[in-house]
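Reckoned from all heavy atoms, side chains included, excluding hydrogens, waters and symmetry mates. Lettering follows sequence order; numbering is per chain, from 1.
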Amino acid sequence: MTAISASAVPAAASPDPDGAVLHRPVIDWFDAHARDLPWRRPEAGAWGVMVSEFMLQQTPVNRVLPVYEQWLARWPRPADLAAEPPGEAVRAWGRLGYPRRALRLHGAAAAIRERHGGDVPRDHAQLLALPGVGEYTAAAVASFAYGQRHPVLDTNVRRVFARAVGGAQYPPNATTAAERKLARTLLPDDEPTAARWAAATMELGALVCTARTPDCARCPIASLCAWRQAGSPEHDGPPRRGQTYAGTDRQVRGKLLAVLRGTVTPVPQATLDQVWDEPVQRARALDGLVSDGLVEPLSGGLYRLPLT
DNA sequence: TAGGCGTGGCA
DNA sequence: TTGCCAAGCCT
């Protein structure tokens with residue numbers, strides 16, 4: 001079996017320059033093994049897809065599921081969310097993490113109401129212009145909700161391509177132009193197949209071609225995988241970027257916001273002071289939350305989630 | 001572009 | 001136990 005080459009060989013020299021040999025096995029595998037997730041059901045609609053994409057940014061599926069259901073039940077349309085204060089979005093976000101996403105989702109809902117008549121736009125550029133929507137999310141909504149043909153490059157897809165095509169255990173830390181070019185090259189020509197391919201490659205990365213212990217025995221393209229053919233070499237070079245957390249401002253921000261999420265009553269400074277004993281860092285974290293719009297300072301040293 | 005930004009499960 | 005990791009975005 002021949003590996004799919006990512007190198008810049010002339011098309012005539014490559015047996016499968018567009019990777020078409022990968023499409024059928026990956027999509028067939030997806031048809032047989034895809035998870036039944038609520039945002040994949042037809043009734044989810046574009047808004048359901050968009051909400052799920054915001055929540056799934058850096059947060060695992062299992063933690064998203066209950067919050068997603070509550071969110072859609074409470075705010076079934078963008079205008080429903082836009083009608084409430086941003087602080088309610090932050091409160092409903094719960095412990096999903098990165099609460100700025102809640103603020104941005106609220107802002108996206110407001111923009112959808114104002115600029116798009118309350119309907120999630122279909123156009124990639126219009127999606128990209130919404131707060132909190134980057135290259136990945138715009139492509140994902142356009143592809144999953146509207147069946148369009150866009151390269152969808154998330155961490156799962158990048159890992160699948162790095163292994164199957166690039167022969168490496170992991171993709172680069174930051175997405176490269178070469179990865180974008182490869183994703184465009186591998187994208188099936190017709191819209192419905194391209195949309196299927198996007199979902200299928202993501203699912204393959206999430207369920208089989210996982211970061212730590214890939215289950216190659218269940219992989220539909222194991223025989224084509226460049227990384228396997230190279231003997232599954234371990235990652236070498238600089239260490240992959242890790243994230244520290246304990247003792248950082250992020251941890252303090254999380255504790256402060258948890259207090260404010262727990263009550264609709266404005267909270268005195270003295271109460272917030274109890275979550276962290278180092279005053280300089282504590283003040284810096286609270287200032288950061290205020291400047292991010294996640295916390296609203298009131299007169300008299302009181303704080304609450306933002307009403308505006 | 002490198003770093004900041006939450007949270008919790010798992011090996 | 002302690003890193004590593006999870007459907008990124010923004011500055």
Among the candidates dA7(C), dC5(C), dG8(C), find the nucleotide nearest to the side-chain atoms of Gln58(A).
dG8(C)
Should the pair Asp277(A)-Arg282(A) be classified as a salt bridge under the 4.0 Å nitrogen-to-oxygen rule?
no
Is the shortest side-chain N to carboxylate O distance from Arg74(A) to Asp80(A) below 4.0 Å?
no
note: Leu207(A), atom CG; dA6(C), atom P; distance rounded to Å ~ 13 Å
How many whole angstroms separate atom CZ of Arg100(A) from atom P of dG8(C)?
16 Å
Describe the nucleic acid contact of Trp93(A) in one word from base, sugar-phosphate, nothing, applying a heavy-atom distance below 4.0 Å.
nothing
Is Arg63(A) touching bases, backbone alone, or none of the nucleic acid, heavy atoms closer than 4.0 Å?
base
Length of the line joining Arg104(A):CZ and dA7(C):P, which is rounded to integer Å
19 Å
How about CZ on Arg261(A), more than 12 heavy atoms from neighbouring residues, nucleotides or ligands closer than 6.0 Å, or not?
yes
Within residues 130-145 of chain A: residues closer than 4.0 Å to DNA chain C (heavy atoms):
Pro131(A), Gly132(A), Val133(A), Gly134(A), Glu135(A), Tyr136(A), Thr137(A)
Whole angstroms only, please: what is the CG-C1' distance between Asn62(A) and dG8(B)?
12 Å
Which part of the nucleic acid does Arg159(A) contact within heavy-atom distance under 4.0 Å: base, sugar-phosphate only, or nothing?
sugar-phosphate
In plain terms, say whether Asp287(A) and Arg284(A) are close enough for a salt bridge, that is, a side-chain N and a carboxylate O under 4.0 Å apart.
no
Looking at every strand, decide which applies to Leu257(A) at a 4.0 Å heavy-atom threshold: base, sugar-phosphate, or nothing.
nothing
How long is the line joining OH of Tyr245(A) and P of dC5(C), in whole Å?
19 Å
Choosing from dA7(C), dG8(C), dT7(B), which nucleotide comes nearest the side chain of Glu53(A)?
dA7(C)
Across the strands shown, which category fits Arg95(A) at heavy-atom distances under 4.0 angstrom: base, sugar-phosphate, nothing?
sugar-phosphate
Nearest-nucleotide pick for Arg212(A), side chain only, options being dG6(B), dC5(C), dC9(C)
dC5(C)
With a non-hydrogen cut-off below 4.0 angstrom, is Leu294(A) in contact with a base, only sugar-phosphate, or nothing?
nothing
dG6(B) and dT1(C): how far apart are their P atoms, nearest whole angstrom?
26 Å
Here the distance between atom P of dG3(B) and atom CG of Asn173(A), to the nearest Å, is 10 Å
Taking the basic N atoms (NZ, or NE/NH1/NH2) and the acidic carboxylate oxygens, is any pair closer than 4.0 Å for Arg196(A) and Glu191(A)?
no
So Thr59(A), base contact, sugar-phosphate only, or nothing? Heavy-atom distance under 4.0 Å.
base
Step through it carefully: locate the ring centre of Trp71(A), locate the ring centre of Trp93(A), and say whether they are under 6.0 Å apart.
yes
Check Asp36(A) with Arg41(A), please: is the shortest side-chain N to carboxylate O separation under 4.0 Å?
yes
Interatomic distance where OH belongs to Tyr68(A) and P belongs to dA7(C) [whole Å]
18 Å
Walk me through it: do Tyr136(A) and Glu53(A) pass the test side-chain hydrogen bond (donor to acceptor under 3.5 Å, both in side chains)?
CA-CA 9 Å; Tyr136(A) 161 76; Glu53(A) 292 302 336; 2.7 Å; yes
Calculate the interatomic distance between Trp276(A) atom CH2 and dG6(B) atom P; express it in whole Å.
14 Å
Is a salt bridge present between Arg253(A) and Asp249(A), judged by a nitrogen-to-oxygen distance below 4.0 Å?
no
Should the pair Phe161(A) and Trp197(A) be assigned to parallel (<30°), tilted (30 to 60°) or perpendicular (>60°) ring geometry?
parallel
Nearest nucleotide by nearest heavy atom, which residue falls closer to the 5' end of DNA chain B, Arg261(A) or Thr213(A)?
Arg261(A)
Within residues 189-198 of chain A: residues closer than 4.0 Å to DNA chain C (heavy atoms)
none
Categorize Arg284(A) for me: base, sugar-phosphate, or nothing, with a 4.0 angstrom heavy-atom threshold over every strand shown.
nothing
